[in-house]
Amino acid sequence: MRKVYGIKSLIIYLESVNYQITEEEVNDLILNKKIPHLRPINNLLIFNLDHIDGWLRDQ
């Protein structure tokens, strides 16, 4: 499974596939459960990049 940890790492990945997004926008998407993510413990966010790629296709 391809994955990144944390919002900053997600933003770097998204920029690498030409999708510009701010940290604030990512936080809003997480809050509204509109972007696939896992939060196994409070301060840890994990993004499965296969799920993120699917989410991008649906945008």
Side-chain angles (χ1 to χ4, degrees):
M1 172 171 69
R2 299 179 310 132
K3 56 188 167 185
V4 294
Y5 298 90
I7 292 173
K8 289 188 187 338
S9 296
L10 175 66
I11 290 171
I12 291 167
Y13 172 73
L14 290 172
E15 285 175 352
S16 79
V17 295
N18 294 317
Y19 190 88
Q20 300 299 313
I21 193 165
T22 67
E23 192 168 336
E24 186 179 335
E25 289 170 318
V26 174
N27 277 316
D28 285 344
L29 290 168
I30 291 168
L31 225 73
N32 295 306
K33 296 180 173 43
K34 299 213 170 174
I35 191 167
H37 67 282
L38 296 169
R39 190 190 299 258
I41 57 174
N42 261 354
N43 294 332
L44 177 64
L45 282 167
I46 302 172
F47 299 93
N48 177 329
L49 296 181
D50 294 331
H51 295 170
I52 294 297
D53 289 344
W55 173 81
L56 286 170
R57 281 191 294 276
D58 293 341
Q59 294 305 299

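Given the structure is predicted, the values throughout are model-derived calculations rather than measurements.
The hydrophobic cluster containing I30 also contains I21, counting ILVMFWY residues as joined when their side-chain heavy atoms lie under 4.5 angstrom apart, directly or transitively. Put simply, V17 and I7 are part of the same group of oily side chains (I, L, V, M, F, W, Y) that touch within less than 4.5 Å, one to the next. Note: the hydrophobic cluster containing V4 also contains Y19 (ILVMFWY, side chain heavy atoms under 4.5 Å, direct or indirect links).
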Could you pull out every donor-acceptor pair under 3.5 Å between side chains of residues 40-52 and any protein atom, sequence neighbours left out?
from: N48; atom 1: OD1; to: D50; atom 2: N; distance (Å): 2.8
from: N48; atom 1: OD1; to: H51; atom 2: N; distance (Å): 3.4
from: D50; atom 1: OD1; to: R2; atom 2: NE; distance (Å): 3.1
from: D50; atom 1: OD1; to: R2; atom 2: NH2; distance (Å): 3.1

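Partners of E15 according to the side-chain contact (heavy atoms from CB on, under 4.5 Å) rule, which considers only residues two or more places apart in sequence or in another chain, are I11, Q20. For K3, the salt bridge (Lys or Arg N to Asp or Glu O under 4.0 Å) test picks out no residue, with sequence neighbours left out. Residues passing the side-chain hydrogen bond (donor to acceptor under 3.5 Å, both in side chains) test with T22, sequence neighbours excluded: E25.
Annotation: side chain of L29 is in contact with side chain of W55 (closest heavy-atom distance under 4.5 Å). L10 is listed as a side-chain neighbour of I35, based on a closest heavy-atom distance under 4.5 Å. Using a 4.5 Å heavy-atom cutoff, the side chains of L14 and L56 are in contact.
Pairs of residues two or more places apart, or lying in two chains, never qualify as side-chain hydrogen bond (donor to acceptor under 3.5 Å, both in side chains) while including a residue from residues 26-37.
M1 belongs to no hydrophobic cluster, as no Ile, Leu, Val, Met, Phe, Trp or Tyr side chain comes under 4.5 Å of its own.
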